[in-house]
Novice: 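This structure is in structure tokens; I'll ask about it shortly.
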There are 2 protein chains.
Amino acid sequence: MGYSQAQKKENHERIVSIAATRFREAGLDGLGVAAIMKEAGLTHGGFYAHFGSRDDMVAQALEFAFQEDEERLSRAMGRRGGPSLDAFLEVYLSPAHRDTPGQGCTLAAVACEAARKDETVKRLFQNRIETYAIKLAPQLGLTEEQMLMVLSTVAGALVLSRTVEDSAMSDRILEGARHQLRACFAEQKKGGKAPPSSMYSVA
Amino acid sequence: MGYSQAQKKENHERIVSIAATRFREAGLDGLGVAAIMKEAGLTHGGFYAHFGSRDDMVAQALEFAFQEDEERLSRAMGRRGGPSLDAFLEVYLSPAHRDTPGQGCTLAAVACEAARKDETVKRLFQNRIETYAIKLAPQLGLTEEQMLMVLSTVAGALVLSRTVEDSAMSDRILEGARHQLRACFAEQKKGGKAPPSSMYSVA
DNA sequence: AGATTAATATGATAATCATCATGCAGATGG
DNA sequence: CCATCTGCATGATGATTATCATATTAATCT
């Protein structure tokens, strides 16, 4: 058909954005090149005009996904009066987050598979985790070590809550993690308490 | 060739056992029927004499894997003077556990993928998690809710520790979780302290 | 021992996969 | 306005997949 360079950039970004969502939903190996291109309104043949290989696209999609995660989390906490441990727990451990993995934390969505991927993927994960430990920790009033532990807990709880059949059990996993974490870090009680609404929602 | 019923049972168990290990290493979709049968010393054709479908084998392998997990964990804590929170944390959060997923916790190995599987798989996961909450919690002196939170933390930490490139960072994730969890549940200090050796090792 | 049964091997099928070669159509540069 | 370049479509390739039909061969039963 013939496409402008602006079109190409737009197409490229759409492919990456769609891949970021679908990978969180179906896993890094969960869908093929053709399916992603089709959802972007293109055919599979043009794929290699954008990426050197499928692994290359996975890396770009993960980078994009992590950036999305950070922005969404920041906005969601902003809606709860700014960053705080309480706001973080409420946002991250919400049933809405559990039920919409495509819009949720990429770490929790694909970590098990990432553990088996190459160093390129692992470096992206490491950067994301370090961002939590270095950038987010002080905003929540936590040390790096505390932040790593809190992240492990919430990500683990989210993943486990998605693996059980019974929804009551799933809720207990999320609620239990929130309640226990609050008890662990109960030094500085805050006053404001936003109503428990849904997480990671629209801007 | 012709095989006795005892042979068939033995072959069946070997297939399931091999699958349990390989699924933990490569993921539930990480290797095909042919590869598993080959490792069991058989060819792919005989597969459907043992299982109705690949999903059927996945379910049997998970059931077997969870049973293995429970027994190995019990033995490993036994080697540290019996079940206790300290023993559990030392065993579960060891670098040896992180580095040998094939012999380690199945929850941590494949939870992200299990979240996308059908109810059959989810029921197996739920049973496993309930076993932690009901059977193991009292042995560690924890409530069910505390046990769920501890399980979320250790599983999350193990998964995350496997996703990073730098081994020092990986160690920090494990150590941080152990240190912080100990601080959270520091009511009843025990006396005995086994040397930190490797986890989930031979009987 | 001979007949039957059944566990596994051989081989085929159809689907799906990543990757690439070719060609077209339109955008870009003169 | 013409020539070139290129983003994408069409279609092919070879590898891998789960599944199954048939053949083989030894264990089991009578």
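Every value quoted in this text rests on a predicted model; they were computed, and no experiment measured them. Proteins get letters first, then strands, A, B, ... in listed order; numbering begins at 1 in each.
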Novice: Which class fits the ring pair Phe66(B) and Phe125(B): parallel under 30°, tilted 30 to 60°, perpendicular over 60°?
Specialist: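 Perpendicular.
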
Novice: Is the phosphate of dC8(D) approached by Asn11(A) (side-chain N or O, under 4.0 Å from OP1 or OP2)?
Specialist: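 Checking dC8(D) against Asn11(A), a side-chain N or O does come within under 4.0 Å of OP1 or OP2.
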
Novice: Where the side chain of Tyr48(A) is concerned, which of dA9(D), dT19(C), dG7(D) is the nearest nucleotide?
Specialist: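 Nearest to the side-chain atoms of Tyr48(A), counting from C-beta on, is dT19(C).
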
Novice: Run the salt-bridge test on Arg178(A) and Glu90(A) with the 4.0 Å N-O cut-off and return the result as yes or no.
Specialist: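 Here Arg178(A) pairs with Glu90(A) in a salt bridge, since their nearest N and O are under 4.0 Å apart.
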
Novice: Please report, rounded to the nearest Å, how far the P atom of dA18(D) is from the CE atom of Met37(B).
Specialist: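 Going from CE in Met37(B) over to P in dA18(D) covers 12 Å.
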
Novice: Any idea which of dT10(D), dA18(C), dA18(D) is nearest the Thr43(A) side chain?
Specialist: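 My answer, after comparing the listed nucleotides, is dT10(D).
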
Novice: Find the distance His50(A):NE2 to dG7(D):P and express it as a whole number of Å.
Specialist: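 Taking NE2 of His50(A) and P of dG7(D), I get 8 Å after rounding.
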
Novice: Roughly how far, to the nearest 0.5 Å, is the OG1 atom of Thr163(A) from the NZ atom of Lys122(B)?
Specialist: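 It comes to 8.0 Å.
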
Novice: Atom CG of Asp29(B) to atom P of dA15(C): distance rounded to whole Å?
Specialist: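 In whole Å, dA15(C) P and Asp29(B) CG are 20 Å from each other.
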
Novice: Measure the distance from NZ on Lys38(B) to C1' on dT16(D) and round it to the nearest whole Å.
Specialist: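 To the nearest whole Å, that distance equals 13 Å.
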
Novice: State whether the side chain of His97(B) and the backbone N or O of Gly104(B) hold a donor-acceptor pair below 3.5 Å, judged by distance alone.
Specialist: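 No; judged by distance alone, with no hydrogens or angles, the pair does not exist.
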
Novice: Rounding to an integer number of Å, can you tell me how far Phe51(B) CZ sits from dT8(C) C1'?
Specialist: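 About 14 Å, once rounded to whole Å.
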
Novice: Could you check how far CG of Leu42(A) sits from P of dC24(C), rounded to whole Å?
Specialist: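 Spelled out: CG on Leu42(A) to P on dC24(C) is 20 Å.
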
Novice: Within the 4.0 Å heavy-atom criterion, would you say Gly45(B) contacts the bases, only the backbone, or no part of the nucleic acid?
Specialist: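 Result for Gly45(B) = base.
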
Novice: Counting heavy atoms from C-beta on, name the nucleotide in dT19(C), dA18(D), dT8(C) closest to the side chain of Val33(B).
Specialist: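 Ranking dT19(C), dA18(D), dT8(C) by closest atom to the Val33(B) side chain puts dA18(D) first.
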
Novice: Tell me the interatomic distance from Asp55(A), atom CG, to dC17(C), atom C1', rounded to whole angstroms.
Specialist: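 In whole Å, dC17(C) C1' lies 14 Å from Asp55(A) CG.
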
Novice: If you check every side-chain atom of His44(A), which of dG7(D), dG11(D), dT19(D) has the closest atom?
Specialist: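 Nearest to the side chain of His44(A) among the choices is dG11(D).
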
Novice: Does any non-hydrogen side-chain atom of Val159(A) lie less than 4.5 Å from one of Cys112(B)?
Specialist: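 Heavy-atom side-chain distance check passes, below 4.5 Å.
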
Novice: How many whole angstroms separate atom CZ of Phe47(A) from atom P of dT22(C)?
Specialist: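 Going from Phe47(A) (CZ) to dT22(C) (P), I get 21 Å.
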
